[in-house]
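Numbers restart at 1 for each chain; the letters A, B, ... are given by sequence-line order, proteins then strands. Worth saying up front: this structure is predicted, and the values here are computed from it rather than measured.
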Protein chains: 2
Amino acid sequence: MNASNFDVDVGARLRELRVRHGLSQRALAKRAGVSNATVSMVEANRMSPSVSGLRQILSGIPLSLSEFFAEAKPTVEQVVFRASELKEIAGGRISFRQVGSNLEGRSLQMIHERYKPGAVSGKAMLSHQGEEAGLIIRGRMGLEVDGARYELNPGDAYFFDSRKPHAFKNIGDEDLELVSACTPPSF
Amino acid sequence: MNASNFDVDVGARLRELRVRHGLSQRALAKRAGVSNATVSMVEANRMSPSVSGLRQILSGIPLSLSEFFAEAKPTVEQVVFRASELKEIAGGRISFRQVGSNLEGRSLQMIHERYKPGAVSGKAMLSHQGEEAGLIIRGRMGLEVDGARYELNPGDAYFFDSRKPHAFKNIGDEDLELVSACTPPSF
DNA sequence: TTCATCCGTTCAATATAAAGAACATTCTTA
DNA sequence: TAAGAATGTTCTTTATATTGAACGGATGAA
């Protein structure tokens, strides 16, 4: 049994991509160097192509296997989130106010962060893979990533791999305010 | 043209994942309900499994096809980007200052945006799939997504699917300043 | 109409993936 | 030593993916 996710409907996905690119089964088959019968069979799920066969077919679009199997991103309903609507996901001396409350199925998370003077946060462990970026709006931040220390002022920014251990600290006298984003939002 | 990637070595990737999970070929085969011979052949690239066969094999780890074919993320060298180092990717009445200059291999892009009063930007066409988010620092923004119009003030934020047509405008008297992020950075 | 050309599907023949058993090798353990 | 159990590989048979050609339907032009 396949534990982790819903199965990709290979046939439907191929058809969707082919049509989106304005190709007929035959046109795609010719570009890819396979028979039109194969394209037809695969799209109808009447057979499961070999990986090399699928790669061959996709070369006619062209598209990588990675792109083919990438998770479909669900549509996000709400577009605008008022300042008062941002979801508080941390309290006290640190305020994390997230854009949108439901992370399910998203690949991007944005947070409006505020730290009181001296406040600290961070992760020591390797979390799931992904990337993190942020830009300082106000105040001074001390950043430690993978053992290296930095000081950031308004307008400065950071970018690193989420798997590296990291810590944030407000090292100034006033509140520290920044906007951060990370992907994927799973943590 | 498939700009983005090199082909996956299916055999090597499977072996890497199996070993990383501490499974022998036979143990994996048993959990997945396939023969050990198949696992051996696939790892040696002596045959290219069918998609359904590979899915079956991966179910023993377990791992989804999506995860199997996901691109390995390269490590990002530079962590901190000074305000003066942000890369200007648009000029004139609109200033887009990107965190980091090289997007290759990244899945996250962050931009410090500034619009003069009246300045407009946006995309009418469907661009590649992904998500976009932003948070207003200063000024007033008019946002149109998929035909719907919104007004945003400092602290407000937005989040939508990049494929929807969208436009940004500074509808205030002062400069509009915001931090945005999108994924994937391809555009 | 009739011809031409496109579309997607289906069929029989062939190439290849997958199973099950036997193989060689390297460890343990007696 | 030798026996036992683990590993990954290689064999032969069987199931299935893939081909090339033929099919039926739709569209458009003479």
- Task: Just jot down the salt bridge (Lys or Arg N to Asp or Glu O under 4.0 Å) partners of B/Arg13, sequence neighbours excluded, or say none.
- Result: B/Glu16
Listed pairs, N/O of protein and of nucleotides 4-8 of chain D, under 3.5 Å:
from, atom 1, to, atom 2, distance (Å)
D/dT7, OP1, B/Ser24, OG, 2.9
D/dG8, OP1, B/Arg18, NH1, 3.0
D/dG8, OP2, B/Gln25, N, 2.8
D/dG8, N7, B/Arg26, NH1, 2.7
D/dG8, O6, B/Arg26, NH1, 3.0
D/dG8, O6, B/Arg26, NH2, 3.3

- Answer yes if the side chains of B/Asn170 and B/Asp175 hold a donor-acceptor pair under 3.5 Å, and no otherwise. no
- Note on the structure: Sorted by chain and number, sequence neighbours left out, salt bridge (Lys or Arg N to Asp or Glu O under 4.0 Å) with A/Glu144 holds for A/Arg149
- Query: Partners of A/Ser52 by side-chain hydrogen bond (donor to acceptor under 3.5 Å, both in side chains), sequence neighbours excluded?
  - Reply: A/Ser50, B/Ser48
- Item | side-chain contact (heavy atoms from CB on, under 4.5 Å) involving B/Ala37 - partner list, sequence neighbours excluded | B/Ser35
- Hey, which of these two, A/Ala44 or B/Val34, hits DNA chain C nearer its 5' end, going by closest nucleotide? A/Ala44
- B/Ile171: what forms a side-chain contact (heavy atoms from CB on, under 4.5 Å) with it, not counting sequence neighbours? B/Arg140, B/Glu151, B/Lys169
- Item | Boundaries of the DNA chain C segment in contact with chain A, non-hydrogen, under 4.0 Å | C/dC7 to C/dC11
- Item | Residues that B/Arg46 engages under salt bridge (Lys or Arg N to Asp or Glu O under 4.0 Å), provided they are two or more places apart | none
Can you pull every protein N or O that's under 3.5 Å from an N or O on nucleotides 14-17 of chain D?
from, atom 1, to, atom 2, distance (Å)
D/dA17, O5', A/Ser48, O, 3.4

- Can you list the residues that meet the side-chain hydrogen bond (donor to acceptor under 3.5 Å, both in side chains) rule with B/Ser180, with sequence neighbours excluded? B/Glu113
- Item | Inter- and intrachain pairs under salt bridge (Lys or Arg N to Asp or Glu O under 4.0 Å), touching residues 21-43 of chain A, at least two apart | A/Arg15-A/Glu43, A/Arg18-A/Glu43
- Return the set of residues passing side-chain hydrogen bond (donor to acceptor under 3.5 Å, both in side chains) with A/Ser59 (not counting sequence neighbours), or none when no residue passes. none
